[in-house]
Undergrad: 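Supplied in structure tokens, the structure appears directly below.
Since we're looking at a predicted model, the values are computed, not measured.
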Amino acid sequence: FALMCFQKLHYLDPDARLYIGGAFIHQAVEHYIPHLLETLLLGNVVFLDGPISDMKKWLRDKHYLLSTAIDDAAMGNVWLAMGYGLRPLVHRFPGVERRLDEAYVFTLAEDFCRIILHGPYDAAAHRSCAERVYQEHGLEHSVMDQIFRAEQELHVAGRQRMAASSLPLESTYKSSVSVIDKAKTA
């Protein structure tokens with residue numbers, strides 16, 4: 001579903017790029033995805049980056065995180081990316097409304113595209129939302145420390161980031177993260 005969403009976005013915005021990190025855990029899918037990319041004419045705009053050793057570095061120039069997981073198993077990556085200022089786009093799974101504000105949830109590929117092309121983007125608000133979740137749920141302090149360090153580094157860098165990140169193919173990837181990178185238009 002993530003590739004279908006991205007295909008629609010790329011049709012509307014040819015500058016969009018999708019970065020997928022993680023390792024395939026099923027050989028059939030490892031062969032299918034490149035075939036699908038070729039069939040959808042996305043081979044030059046979707047990048048399979050393999051396992052990501054430094055998530056902070058990989059997310060640095062991204063702005064959106066797309067999750068098409070069917071349950072909350074991928075929410076850890078969603079919160080981490082939000083901590084770095086990325087806006088999540090989470091496909092509506094059962095119970096998502098108890099985990100995430102409705103503004104970050106989409107149902108149709110059209111919703112996904114509308115949010116990226118026309119929705120507000122506020123990295124500080126995304127980060128604040130992640131902080132609230134960590135505080136409310138008493139998640140480990142080490143995660144909060146990681147978010148605060150990222151904020152300091154981003155502040156020092158003093159540059160505005162914009163991208164889209166996605167967690168597609170969760171059932172077929174081991175530790176998958178996908179990121180869409182696109183220039184924000186005025």
Undergrad: If you define the side chain from C-beta out and look only at heavy atoms, does anything of Leu9 sit under 4.5 Å from Leu117?
TA: yes
Undergrad: Is any side-chain heavy atom of Val78 less than 4.5 Å from a side-chain heavy atom of Met82?
TA: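 The answer is yes; the side chains approach within 4.5 Å.
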Undergrad: Between Leu80 and Met55, does a side-chain contact (heavy atoms from CB on, under 4.5 Å) hold up when you go through it step by step?
TA: CA-CA 9 Å; Leu80 179 64; Met55 187 64 73; 4.0 Å; yes
Undergrad: Are the aromatic ring centres of Tyr104 and His126 under 6.0 angstrom apart?
TA: yes
Undergrad: With the side chain counted from C-beta on, respond yes when Phe93 and Thr68 share a heavy-atom pair under 4.5 Å apart, and no when they do not.
TA: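 Of all side-chain heavy-atom pairs linking Thr68 with Phe93, none is under 4.5 Å.
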Undergrad: Nearest 0.5 Å please: distance from the CZ atom of Arg60 over to the OH atom of Tyr84.
TA: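 If I round to the nearest 0.5 Å, the distance is 10.0 Å.
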Undergrad: Locate the shortest heavy-atom distance separating Ala130 from Trp79; write the atom from each residue and the value.
TA: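 Here Ala130 and Trp79 meet closest at CB-O, 3.7 Å.
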Undergrad: Please list, chain by chain and in numerical order, all residues satisfying side-chain hydrogen bond (donor to acceptor under 3.5 Å, both in side chains) with Glu102, sequence neighbours excluded.
TA: Arg92
Undergrad: Partners of Glu97 by salt bridge (Lys or Arg N to Asp or Glu O under 4.0 Å), sequence neighbours excluded?
TA: none
Undergrad: Return the set of residues passing side-chain contact (heavy atoms from CB on, under 4.5 Å) with Ala103 (not counting sequence neighbours), or none when no residue passes.
TA: Arg87, Asp101
Undergrad: Step by step, would you call Leu3 with Ile20 a side-chain contact (heavy atoms from CB on, under 4.5 Å)?
TA: CA-CA 10 Å; Leu3 290 177; Ile20 302 174; 4.3 Å; yes
Undergrad: Closest approach of Lys62 and Tyr121, non-hydrogen atoms and distance?
TA: O-OH, 4.3 Å
Undergrad: I need the Leu86 CG to Leu89 CG distance, nearest 0.5 Å.
TA: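 One gets 10.0 Å once the value is rounded to the nearest 0.5 Å.
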Undergrad: Who passes side-chain hydrogen bond (donor to acceptor under 3.5 Å, both in side chains) against His10, sequence neighbours left out?
TA: none
Undergrad: Mind checking side-chain contact (heavy atoms from CB on, under 4.5 Å) for Asp49 and listing every partner two or more places apart, or none if nothing turns up?
TA: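 Once residues adjacent in sequence are excluded, the partners of Asp49 under the side-chain contact (heavy atoms from CB on, under 4.5 Å) criterion are Tyr19, Phe47, Ile52, Trp58.
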Undergrad: If the condition is side-chain contact (heavy atoms from CB on, under 4.5 Å), which residues does Asp111 pass it with, not counting sequence neighbours?
TA: Phe106, Thr107, Leu108, Arg114
Undergrad: Throw together a table of side-chain donor-acceptor distances under 3.5 angstrom for residues 31-45, partners on residues two or more places apart or in other chains.
TA:
from  : atom 1 : to    : atom 2 : distance (Å)
Thr39 : OG1    : His35 : O      : 2.9

Undergrad: Which heavy atom in Cys113 sits nearest to a heavy atom in Cys5, and how many Å separate them?
TA: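 Scanning both residues, the minimum pair turns out to be SG-O, 4.0 Å.
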Undergrad: Does any non-hydrogen side-chain atom of Phe112 lie less than 4.5 Å from one of Lys8?
TA: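 Lys8 vs Phe112: side chains apart.
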